[in-house]
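Have a look at the structure below, then the notes.
Just so you know, residue 1 is the first one in the sequence shown, and it goes up from there.
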Amino acid sequence: RHHENIFGTSKYLETVNLDEYGDLLFADFAPAPCSYCSCCFPNFLRGRTYAKIYDNRVEWNLPIAPLMCCTTSEKCIIDRTHMIFHDHVPSRVGMVCGVCPMTCCGPPAIFVKKPMCCCIDLEPVFGQAIMAAPSVFFGLRKFLCWGAPCFVDCCASPIFTGVRNGDQFLSKWEEALRDYRLRCRIPAEQMAMFEVFEDHAELEPAVKLGKNCE
């Protein structure tokens, strides 16, 4: 006897809106690390590069040109597509030994990091970076109660680099996560919090961290 088909029916994977919440805009020189290396990558590589937020997932493609600027055809491009549903890292806190949510140190963080050198804005050269940290670690700061949060530099890793609308993209990501949490009845303390930081933030007094998706 065949049972009713249950494949793909998880409530965490269910989509109620086929439209995207937000589309990430990359800098003109991406995926090069800076604007001075823009010529190292063909434009048809950029045409295959994207990142989108949907109601149940974040999806992106960061392809590779094997011979960089000497890659002469789009069929030679190696796609690197990824899709992560919102009930997993980085949108939701990770699990301890795969058993219970690791909420003891605080929720995970997704944030935009803007490059600065003293008072000079380096964003036109390097673009913004969207980073993810596994936890806010109780809101600890670099210098006790002064400076940027510890997680900004000690344990965060980049998800996307060479970005130019990071603030708006994170706003849409937060909106999608809030709707997703309510639909799937996930506790708010398990969902990521969102923030924007500049590289000179360690020189400034501590500021209140953004809220997670309540």
Item to check | S91 vs W173 side-chain heavy atoms within contact, under 4.5 Å | outcome: yes
Checklist entry - For D179, which residues count as a side chain to side chain donor-acceptor pair (under 3.5 Å) partner, sequence neighbours excluded? => result Y21
Checklist outcome for this item: Taken to the nearest 0.5 Å, the spacing of K113 NZ from E195 CD works out to 14.0 Å
Item to check | side chain to side chain contact (heavy atoms under 4.5 Å, CB included) against V125, all qualifying residues, sequence neighbours excluded | outcome: C34, S35, Y36
Item to check | Worked verdict on R48 versus D79 for side-chain contact (heavy atoms from CB on, under 4.5 Å) | outcome: CA-CA 8 Å; R48 300 179 71 91; D79 287 319; 2.5 Å; yes
Item to check | Residues forming a side chain to side chain donor-acceptor pair (under 3.5 Å) with E59, sequence neighbours excluded | outcome: Y50, R57
Next on the checklist: With salt bridge (Lys or Arg N to Asp or Glu O under 4.0 Å) as the rule and sequence neighbours excluded, what pairs involving residues 35-47 come up?
Outcome noted: none
Checklist entry - L140: what forms a side chain to side chain contact (heavy atoms under 4.5 Å, CB included) with it, not counting sequence neighbours? => result F138, C150
Next on the checklist: Can you pull out every side chain to side chain donor-acceptor pair (under 3.5 Å) where at least one residue sits in residues 129-138? Sequence neighbours excluded, please.
Outcome noted: none
Item to check | Residue list, side chain to side chain contact (heavy atoms under 4.5 Å, CB included) with L67, at least two apart or on another chain | outcome: C70, T71
Checklist entry - Mind checking whether M68 and C40 have side chains closer than 4.5 Å, heavy atoms only? => result yes
Checklist outcome for this item: Taken in chain and number order and not counting sequence neighbours, the residues that satisfy salt bridge (Lys or Arg N to Asp or Glu O under 4.0 Å) with D28 are none
Would you be so kind as to tabulate the donor-acceptor pairs closer than 3.5 Å made by side chains of residues 156-166, with sequence neighbours excluded?
unit_1, atom_1, unit_2, atom_2, d
R164, NE, F26, O, 2.9
N165, OD1, L25, N, 2.8
N165, ND2, D23, O, 3.3

Next on the checklist: Show me the pairs that pass ring pair (Phe, Tyr, Trp, His ring centres under 6.0 Å) and involve residues 101-127, at least two apart or across chains.
Outcome noted: F111-F151, F111-F197
Next on the checklist: Restricting to side chain to side chain contact (heavy atoms under 4.5 Å, CB included), what partner residues turn up for H82, sequence neighbours left out?
Outcome noted: W60, R80
Next on the checklist: Run Y180 and D55 through side-chain contact (heavy atoms from CB on, under 4.5 Å) and show every step you take.
Outcome noted: CA-CA 6 Å; Y180 180 84; D55 67 334; over 6 Å; no
Next on the checklist: Distance check, rounded to the nearest 0.5 Å: K172 atom NZ versus E175 atom CD?
Outcome noted: 5.0 Å
Checklist entry - salt bridge (Lys or Arg N to Asp or Glu O under 4.0 Å): which pairs involve residues 119-129, sequence neighbours left out? => result none
Checklist entry - Rounded to the nearest 0.5 Å, how far apart are CD of E189 and CZ of R92? => result 10.0 Å
